[in-house]
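Below is one structure, written out as structure tokens; the observations come after it.
A, B, ... follow the sequence lines: proteins, then strands. Residue 1 opens every chain.
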Amino acid sequence: MTKFDIAVYELIKLIPSGMVTTYQEVALRLGNRAYRAVGTSLSKNPYAPKVPCHRVVKSDGRVGGYGGLKESEKKIEMLRNEGREIEDGRIKDFERRLYKFGN
DNA sequence: CGCTTGACACCGT
DNA sequence: AACGGTGCCAAGC
């Protein structure tokens, strides 16, 4: 557990239910381009579901990994339960559902 | 230290 | 559109 991890978790807790954001958005909000590092931190997320890491997806609208796996139906189902429609691993109307952190 | 590994992103074929 | 290579940054060993 590092400061970086904490920072990531704190940001992700701000994502409203039903919204999603990207690894890139999180990294940019932290002031760098550590999107890979963001994913690494989430893969170790000890606070699910307090930290809704399932709401963090790839910048192209694809769902991405969850639970330490590259692919996860679990993540998709959770997003569907929040109202997102997902087709073939990709969120429909992704751009419109994207939550951006103000700086 | 230096090298490798990711729940990623971007660019050129 | 699909692939592969390269860049990015924190962690682990």
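The CG atom of A/Asp88 sits 13 Å away from the C1' atom of C/dA1 (whole-angstrom rounding). Taking atom CG of residue A/Leu28 and atom P of nucleotide C/dC8, one finds them 14 Å apart after rounding to whole Å. Rounded to whole Å, atom P of B/dG6 lies 17 Å from atom CG of A/Asp5. Distance A/Met1 CE to C/dA10 C1': 14 Å, rounded to the nearest Å.
Using a 4.0 Å heavy-atom criterion, one finds that A/Ala37 contacts the bases of the nucleic acid, with or without backbone contacts as well.
With rounding to the nearest 0.5 Å, the separation of CG in A/Asn45 from CD1 in A/Ile12 is 7.5 Å.
A donor-acceptor pair is defined here as one N or O able to donate and one able to accept, closer than 3.5 Å; no such pair exists between the side chain of A/Tyr35 and the backbone of A/Lys58. Between the side chain of A/Lys75 and the main chain of A/Val63, a donor-acceptor pair closer than 3.5 Å is present.
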When every nucleotide of nucleotides 7-12 of chain B is labelled 5' to 3' by its protein contacts under 4.0 Å (heavy atoms), B for base, S for sugar-phosphate only, - for none, what sequence of letters results?
-> BBSS--

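The minimum heavy-atom distance linking A/Tyr23 with A/Gly65 is given by the pair OH-O, 3.9 Å. A/Thr22 approaches A/Val56 most closely through the heavy-atom pair C-CG1, 3.9 Å.
The pair A/Arg80-A/Glu77 counts as a salt bridge, with a side-chain nitrogen and a carboxylate oxygen less than 4.0 angstrom apart.
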